[in-house]
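Here's the structure we're looking at; comments come further down.
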Amino acid sequence: MTRSAEVEALIDLFEAEADRDCPDAETPDVGIIMGSDSDLDTMYGAYEALSELGFEEVTDYDDPPESRFSFETFVISAHRTPELMYAYGETARERGLDVLVAGAGGKSADLPNMTASIAYPLPVIGVPVQEKSLDSVVGMPTGAPLVAVDAGKSFNAALSAVQILSRAHPELEDRLEAYHDGLQDGVGAVSARLHELGTERFREER
Ligand code: RP5
């Protein structure tokens, strides 16, 4: 297989980063990957969840964001760029990543499960981008695990990634709790308003 110059450059970038041995605080903690940029609208939920929890996106390894916790985002196609997928998964741990969120669509959504196998034992959370991708993402054989969320639930995938990180970083537990408390407030406020206005008026004013 002949690699394109762009793929070659990305593989070189991953390998160079792996060799650099940067301190943990300067490397991305979460890696978001997806099979195509056509998956981005669905995978945007992962971006939103991480941003909500104070993570910043790394767009230049030489200029990491100020925030202690960060993530990176790439398009990696299992079918079209298998060598890129291999380089990404194989270097993930050495590049300082602690957990990956991998999304793919189609009936043969192989990126999450192949990446889980290559990057093992790094945890990978799979996102089936479409309903029809669900079986291919959750159907890993015994001994080759991949945690997966329901179709399209990239927001939850990122929350799960932070839950994993939080075992080693108590400050992330605080952020997760604050986020969850915020959800309670939302339900409480809407419940009180529904009760006060009554069903008809609530529906009119919603
Ligand atoms: C999958 O094929 C991708 O994850 C995407 O969901 C689907 C279609 O990709 P494009 O043809 O839009 O690039 O591998």
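Sequential numbering from 1 along the given sequence is applied to the chain's residues. Counting convention: from 1, in listed order, for ligands and their atoms alike. In this text, all values refer to a predicted model and were calculated from it rather than measured experimentally. When reading the values below, keep in mind they use all heavy atoms of this one structure, side chains included, and skip hydrogens, waters and symmetry mates.
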Problem - Value rounded to 0.5 Å, distance of CZ in R68 from CD in E171 - result: 7.5 Å

Handout entry: Shortest non-hydrogen contact from L172 toward F55
Key = CD2-CE1, 3.8 Å

Practice task
Show the protein residues that qualify under the rule heavy atom under 4.0 Å from an atom of ligand 1, listing them in chain and number order.
Solution key: G35, S36, S38, D39, R80, A104, G105

Practice task
Starting from L10, walk the hydrophobic network (Ile, Leu, Val, Met, Phe, Trp, Tyr; side-chain heavy atoms closer than 4.5 Å) and list everyone else you reach, by chain and number.
Solution key: V7, I11, L13, F14, I33, V58, Y61, F74, I76, L84, M85, Y86, Y88, L97, L100, L111, M114, I118, L122, V124, V137, M140, L146

Practice task
Check the surroundings of atom CG in D12: do more than 12 heavy atoms from other residues, nucleotides or ligands lie under 6.0 Å from it?
Solution key: yes

Problem - Flag, side chain of S154 to backbone of A46, donor-acceptor distance under 3.5 Å - result: yes

Exercise for the section: Could you give me the CA-CA distance, side-chain angles and deciding distance for T199 and L194, then say whether side chain to side chain contact (heavy atoms under 4.5 Å, CB included) is met? Expected result: CA-CA 6 Å; T199 301; L194 170 60; 4.3 Å; yes

